[in-house]
2 protein chains.
Amino acid sequence: MPEDCKVETALEILVGKWKPIILYQLFSQGTMRFSELQKALPDITKKMLTSQLRELEYHDIVHREIYLQIPPKVEYSITEYGMRMAPLLQAMNEWGMSHIEHLNELYGAEMQAKR
Amino acid sequence: MPEDCKVETALEILVGKWKPIILYQLFSQGTMRFSELQKALPDITKKMLTSQLRELEYHDIVHREIYLQIPPKVEYSITEYGMRMAPLLQAMNEWGMSHIEHLNELYGAEMQAKR
DNA sequence: CCGGATCCCAACCGATACTG
DNA sequence: CAGTATCGGTTGGGATCCGG
């Protein structure tokens, strides 16, 4: 039965213009401050960075640590549970890379995996 | 470097309100006619079914076989290349199922993995 | 420094009607 | 049967400004 397909559940968590790249940063850099994420992702607005992080936090993928001080300091990191996503992200990344090659073979290399 | 993250490439192909369930149908049923897909997905409109299938076809995941006859007959199936997505979809499905359980533990079972 | 609130636009999606 | 055309609603995301 179609209801048994939970691919969409996995997608929910990853879908969002900035989520994959945010996760990539946190996975590779470890703990990062809000401003460090901003620096790493120059084109994202504060609003988007906040909302994307909040959704990841809701799903227990990202942990938000608030330091009560002036000026404020907030650090983000991958949760222990979030670490369990690593193999999946790795698999998606590898599949994505090979798919880009495949598209180049199909349609030629003059395009860069645009759809 | 962030540009090496191709998770988004994999997402591009799966994102779309009906793509996962369409793939689920084709993977489990094999070849299906347009009308059979419509029957299996009662809430999808022809327009959406067509457009989602076209995008999957562009990415060489789905094959479209047209029979020139009256009335028309068109069959859709997973391409040989598309078959290589099976392990990834399987992994995403399993991760999704376990994540639903995890959310239930976190927030209680009164909600069904809604965000 | 780390956001929230508001407004706005573009892309996505649905309903309906029409066609080879 | 298997689509296309058109229109209109909804939602995700960006720009800007305000606040603790």
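As the structure is a computational prediction, the values presented were derived from the model and not from experiment. Below, all heavy atoms of this structure are taken into account, side chains as well, without hydrogens, waters or symmetry copies. Quick note on labels: first sequence line is chain A, next is B, and so on, each numbered from 1.
- Regarding B/Gln69, its CD atom lies at a distance of 13 Å from the P atom of D/dG3, rounded to whole Å.
- Here D/dG3 is the nucleotide among C/dC2, C/dG14, D/dG3 with the atom lying nearest to any side-chain atom of B/Val74.
- Taking the side chain of B/Lys47 as heavy atoms from C-beta on, and the options D/dG3, D/dA5, D/dG14, the nearest nucleotide is D/dA5.
- In this structure, B/Leu49 places its CG atom 14 Å from P of D/dC1, rounding to the nearest Å.
- At a threshold of 4.5 Å between non-hydrogen side-chain atoms, the residues A/Tyr24 and B/Val7 do not count as touching.
- Of the candidates D/dA2, C/dC1, C/dC13, the closest approach to any side-chain atom of B/Phe34 belongs to D/dA2.
- Among the protein residues, A/Glu75 comes within range of no part of the nucleic acid, since none of its heavy atoms lies under 4.0 Å from any strand.
- With sequence neighbours excluded, the residues forming a salt bridge (charged side-chain N to carboxylate O under 4.0 Å, His left out) with A/Glu75 are A/Lys73, listed by chain and number.
- Distance from the side chain of B/Thr50 is smallest to D/dT4 among D/dA2, D/dT4, D/dG14.
- Which of D/dT4, C/dG14, C/dG3 sits closest to the side chain of B/Thr45 comes down to C/dG14.
- Across all strands shown, B/Lys46 has heavy atoms under 4.0 Å from base atoms, whether or not it also approaches the sugar-phosphate.
- When the side-chain nitrogen and oxygen atoms of A/Arg64 are compared with OP1 and OP2 of C/dG3, one or more of them lie within a distance under 4.0 Å.
- Between B/Trp18 and the phosphate of C/dG14, there is a side-chain N or O to OP1/OP2 separation shorter than 4.0 Å.
- For the pair B/Gln52 and C/dC12, the criterion of a side-chain N or O lying under 4.0 Å from OP1 or OP2 is not met.
- Rounded to an integer number of Å, the gap from B/Leu37 CG to D/dA2 C1' is 12 Å.
- If you check every strand for non-hydrogen atoms under 4.0 Å, B/Tyr76 touches sugar and phosphate atoms only.
- Atom C1' of nucleotide C/dA11 and atom NZ of A/Lys17 are separated by 11 Å, given to the nearest angstrom.
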